[in-house]
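The structure appears right after this line, and notes come after that.
Residue numbers begin at 1 in each chain, while the letters A, B, ... track the order of the sequences.
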2 protein chains.
Amino acid sequence: MTEMTRVSDGFSLADVDPDSTPGFDGGKAEGETALRDGVDELSELQERLFAASRAGDTRNVLLVIQAMDTAGKGGIVRHVVGQVDPQGVALRSFKAPTDEERSHHFLWRIERALPGPGMIGVFDRSHYEDVLIGRVRQLAPADEIERRYGEIVDFEQRIVDSGTELIKVMLHISPDEQKKRLQERLDRPDKYWKFNPGDIDERSQWDAYMEAYQIALTRTSTERAPWYVVPANRKWYARLAVQRLLTDALRRIDPQWPDADFDVEHERARLAAS
Amino acid sequence: MTEMTRVSDGFSLADVDPDSTPGFDGGKAEGETALRDGVDELSELQERLFAASRAGDTRNVLLVIQAMDTAGKGGIVRHVVGQVDPQGVALRSFKAPTDEERSHHFLWRIERALPGPGMIGVFDRSHYEDVLIGRVRQLAPADEIERRYGEIVDFEQRIVDSGTELIKVMLHISPDEQKKRLQERLDRPDKYWKFNPGDIDERSQWDAYMEAYQIALTRTSTERAPWYVVPANRKWYARLAVQRLLTDALRRIDPQWPDADFDVEHERARLAAS
């Protein structure tokens with residue numbers, strides 16, 4: 001199912017149905033079962049990755065998540081990333097840049113947040129904000145926005161070359177689904193805190209955002225740093241798809257338990273005598 | 001069960017049986033069930049804490065975990081802290097200080113790692129290393145070690161006064177249990193990476209460590225920054241006890257879902273029109 005969501009030549013975001021479940025035939029119950037069934041492998045691979053780093057393996061994973069509001073970024077973090085040992089996860093949420101961040105190149109704060117060896121880094125929003133809201137709201141001159149796509153491709157190539165498996169995911173919901181989810185936030189006092197009046201303003205720019213996504217996705221999806229557009233009207237599907245993307249990335253790394261860097265027999269004897 | 005593990009006047013570490021399960025009558029199966037039963041409350045309280053911080057509530061929680069090697073710090077993080085949303089957790093593991101850290105006061109790196117508003121901070125080791133291994137290995141002059149207890153009490157009082165619920169836990173295992181766990185790391189190639197020959201050297205100083213713990217626990221356990229000594233030979237018990245300590249801390253905060261800081265009806269109308 002992961003290959004079917006990959007952005008490649010001729011990709012058109014408008015053709016992706018947010019209700020669809022590409023590559024998965026079952027419904028919600030089967031999807032939730034599949035998600036549970038995937039926990040053990042993901043969790044073991046994560047532990048192996050972490051263990052390997054202790055023996056000098058510098059490889060790691062970076063999951064970049066972008067989406068319109070309410071698309072379920074938080075749920076991915078909670079229900080997929082939350083399946084593995086928190087000690088192996090470096091989670092970073094990018095808000096509107098601070099004054100200090102704004103005084104630097106837009107990739108400055110991203111570079112500083114890259115995960116260390118053996119870690120699974122997760123970016124909740126990312127440098128893509130600078131070509132998404134940046135483009136829609138004209139937060140930078142057009143020629144600068146234009147330049148950023150190439151800078152992103154170069155930057156990501158460097159990350160990938162240094163041993164990071166980079167997975168970029170757009171969670172794709174429909175405007176109607178967003179309306180339903182915003183409505184819920186307004187109907188439930190325990191959800192008020194998640195509501196921001198600005199979300200409705202952004203919503204009025206839906207088409208402009210989709211255009212900005214279409215451009216960003218197609219100009220920055222590369223062989224080693226591909227984009228995946230995951231239909232996300234069905235939360236269970238999006239979670240399963242991201243779990244599999246993460247698992248696939250870890251399988252490509254295929255991290256191994258490190259050999260002992262000590263003499264096992266000697267240590268056994270010392271332990272016995274202790 | 002949590003009150004029974006609290007360090008107060010007349011406490012003697014030597015009297016705590018690492019095999020015991022104070023305040024809990026059941027065995028492993030019941031303990032594991034109780035741990036699962038506690039997830040929902042802990043998880044909701046954490047979300048409330050996080051939500052409240054979005055409305056300006058600056059309170060938070062800091063869980064400090066200290067223990068001899070193999071006592072199960074990692075398991076607490078994985079199986080208890082891992083029960084809540086990773087977005088609300090700030091995990092920090094303290095290793096031997098770097099050169100930069102060593103050039104500062106021993107509390108400098110601790111201060112910088114304090115959790116933000118609404119977060120559950122978790123310290124895997126902490127400033128207590130500076131009066132534990134620091135004392136046993138004489139890493140600082142005796143009068144400096146002596147001074148640190150008071151500095152810690154003052155520092156923690158300041159943290160508590162600024163709105164942090166501070167929970168300090170020593171996971172307490174027996175030397176025999178440690179031997180068994182180290183043995184397992186030497187018997188299983190997938191555990192080699194967790195083994196460090198230095199662990200056996202530290203083991204030879206067991207009594208000195210227990211003395212250092214006894215001193216640190218009794219000199220720094222205060223009304224608002226108490227120590228809890230959690231018997232940890234039974235992993236299921238230690239996890240349950242820490243889950244309850246965390247839950248109790250969150251109950252004391254009693255975080256509330258924030259009121260809407262917008263006009264709900266007005267936003268409903270805007271959403272409907274969007």
Report summary line: Under a 4.5 Å heavy-atom criterion, the part of residues 165-185 of chain B in contact with chain A comprises B/Lys179, B/Leu182, B/Gln183
Report task. Specify the closest pair of heavy atoms between A/Asp259 and B/Tyr192, including all atoms of both residues, with the distance to one decimal. Result -> C-CD1, 4.4 Å
Query raised in the report: Is chain A contacted by the side chain of B/Lys194, its backbone, both, or neither, given a heavy-atom distance below 4.5 Å?
Result: side chain
Requested in this report: Write down the atom of A/Pro86, the atom of B/Gly82, and the distance for their closest heavy-atom approach.
Outcome: CG-CA, 3.9 Å
Query raised in the report: Can you pull out the residues in residues 114-124 of chain B with any heavy atom less than 4.5 Å from chain A?
Result: B/Asp124
**Report entry** Proximity of residues 267-274 of chain A to chain B, residues having a non-hydrogen atom under 4.5 angstrom
**Finding:** A/Glu267, A/Arg268, A/Arg270, A/Leu271, A/Ala272, A/Ser274
Query raised in the report: Going from CG on B/Leu91 to CG on A/Asp85, what distance comes out if it is rounded to the nearest 0.5 angstrom?
Result: 8.5 Å
Query raised in the report: With respect to chain B, which residue among A/Ser93, A/Gly88, A/Ala260, A/Ser204 yields the maximal number of heavy-atom pairs within a distance under 4.5 Å?
Result: A/Ala260
Query raised in the report: Which one of A/Asp263, A/Asp190, A/Asp199, A/Asp187 has the most heavy-atom pairs closer than 4.5 Å to chain B?
Result: A/Asp190
Query - Proximity of residues 53-70 of chain A to chain B, residues having a non-hydrogen atom under 4.5 angstrom - result: A/Arg54
**Report entry** Toward chain A, the part of B/Val89 with a non-hydrogen atom under 4.5 Å
**Finding:** neither
**Report entry** Residue B/Pro197 versus chain A: region with a heavy atom under 4.5 Å
**Finding:** both
Query raised in the report: How are the rings of B/Phe195 and A/Phe262 set to each other: parallel, tilted or perpendicular (split at 30° and 60°)?
Result: tilted
**Report entry** Side chain to side chain, B/Trp193 and A/Pro258, heavy atoms closer than 4.5 Å
**Finding:** yes
Query raised in the report: What closest approach, in Å, do A/Arg78 and B/Gln83 show between heavy atoms, and which atom pair accounts for it?
Result: NH2-O, 3.1 Å
